[in-house]
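Encoded as structure tokens, the structure appears first; notes follow it.
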Amino acid sequence: MAVDFMDIAGHEEAAEKVQEMLTLQSSILDALPIAVMGMQERRIVLANHAVEYVFGWTPEELVGRSTRVLYRTEEDHARIAKSVYGALRRQRTCKLEFPCRRKGGKNIVCLVSVARIGEDLQDRRIIATYTDITEQKRTEQALEESERTLRALLRLYRKPGETS
């Protein structure tokens with residue numbers, strides 16, 4: 001049996017390149033400040049380290065689990081699936097704000113960006129990012145309330161005969 005050493009060297013070089021790319025991919029995912037999860041059939045198959053910041057779960061605790069752990073109720077879980085998979089049947093990506101739940105039970109609001117993996121949803125494989133926007137939503141709500149209060153005060157203290 002003849003051994004082609006050039007062929008073996010080529011395979012080793014290709015394997016090294018693949019390993020370099022996997023290491024780079026892992027580093028990129030870990031550097032992101034947003035939670036990134038890969039899912040198939042509503043099971044988490046990949047999670048970066050930012051899931052701990054957003055959800056309180058470590059990647060190891062999430063991988064293999066149902067996505068149900070990310071949401072407040074069964075109804076929320078079903079509703080986001082309907083919204084996301086409905087949109088992904090028509091387009092490659094979608095983005096929405098949705099109520100979620102952290103590991104300890106605290107409710108949060110997340111900006112969820114989702115993309116299907118591949119050209120269709122045959123295996124229901126998706127990649128999703130979650131950004132906790134709870135504080136941003138609270139700030140927006142407080143600002144809106146301040147504006148309403150200010151308008152009410154201005155109406156109350158407007159001098160008689162003045163027009164707006």
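All residue numbers refer to positions in the sequence shown, counting from 1.
- By the 30° and 60° cut-offs, the orientation of the rings of His77 relative to Tyr71 is tilted.
- Of the possible polar contacts, one joining the Arg90 side chain to the Gly86 backbone as a donor-acceptor pair under 3.5 Å is found.
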**Message:** With side chain to side chain donor-acceptor pair (under 3.5 Å) as the criterion, how do Glu61 and Thr58 come out once you've worked through the C-alpha distance, each side chain's angles and the decisive distance to 0.1 Å?
**Reply:** CA-CA 5 Å; Glu61 290 174 306; Thr58 65; 3.3 Å; yes
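- In this structure, Leu70 and Tyr130 have side chains that are in contact, with non-hydrogen atoms separated by less than 4.5 Å.
- Scanning all heavy atoms of the two residues, the minimum distance from Ile44 to Leu62 falls at CB-O, 3.6 Å.
- Using a 4.5 Å heavy-atom threshold, the side chains of Glu97 and Ile133 count as touching.
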**Request:** Please lay out, stage by stage, how Gln141 and Glu145 fare under the test side chain to side chain donor-acceptor pair (under 3.5 Å).
**Result:** CA-CA 6 Å; Gln141 197 171 24; Glu145 184 59 36; over 6 Å; no
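- The pair Lys103-Glu52 fails the salt-bridge criterion, with no side-chain N (NZ, NE, NH1 or NH2) lying under 4.0 Å from an Asp/Glu carboxylate O.
- In this structure, the side chains of Arg43 and Thr67 stay at 4.5 Å or more apart for every pair of heavy atoms.
- In this structure, CZ in Arg138 is found 4.5 Å from CD in Glu135, a value given to the nearest 0.5 Å.
- Residues Arg89 and Leu121 form a side-chain contact, since some pair of their non-hydrogen atoms from C-beta on lies under 4.5 Å apart.
- Looking at every heavy atom in both residues, Leu46 comes nearest to Ile127 through CD2-CD1, 4.2 Å.
- Cys110 has its side chain within reach of Val54: a pair of non-hydrogen atoms, C-beta onward, lies under 4.5 Å apart.
- Taking CG from Leu143 and CD from Glu140, the interatomic distance works out to 8.5 Å, rounded to the nearest 0.5 Å.
- Atom CD of Gln136 sits about 9.5 Å away from atom OG1 of Thr131, to the nearest 0.5 Å.
- Here the side chains of Cys94 and Val84 are in contact, with some heavy-atom distance below 4.5 Å.
- The minimum heavy-atom distance linking Phe98 with Val112 is given by the pair CB-CG2, 4.3 Å.
- Remark: Arg101 CZ to Thr73 OG1 distance equals 8.0 Å, nearest 0.5 Å.
- In terms of modelled atom types and a separation under 3.5 Å, the side chain of Asn48 and the main chain of Ile34 share a donor-acceptor contact.
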**Prompt:** Given Asn107 and Arg72, is the side chain to side chain donor-acceptor pair (under 3.5 Å) satisfied, shown in steps?
**Reply:** CA-CA 7 Å; Asn107 291 333; Arg72 301 174 310 170; 4.9 Å; no
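- Between atom CG of residue Asp132 and atom CG of residue Leu111 there is a gap of 10.5 Å, rounded to the nearest 0.5 Å.
- A donor-acceptor pair is defined here as one N or O able to donate and one able to accept, closer than 3.5 Å; such a pair exists between the side chain of Arg102 and the backbone of Tyr53.
- Heavy atoms from other residues, nucleotides or ligands lying under 6.0 Å from CD of Gln91 number more than 12.
- Taking the side chain as every heavy atom from C-beta outward, Asp76 and Pro99 approach each other to under 4.5 Å.
- Taking 4.0 Å as the cut-off between side-chain N and carboxylate O, Glu41 and Arg125 do not count as a salt-bridged pair.
- Closest heavy-atom contact between Arg92 and Gly118: NH1-O, 2.9 Å.
- Of all heavy-atom pairs spanning Val109 and Thr134, the tightest one is N-OG1, 2.8 Å.
- Side chains of Arg116 and Tyr85 form no contact here, defined as non-hydrogen atoms less than 4.5 Å apart.
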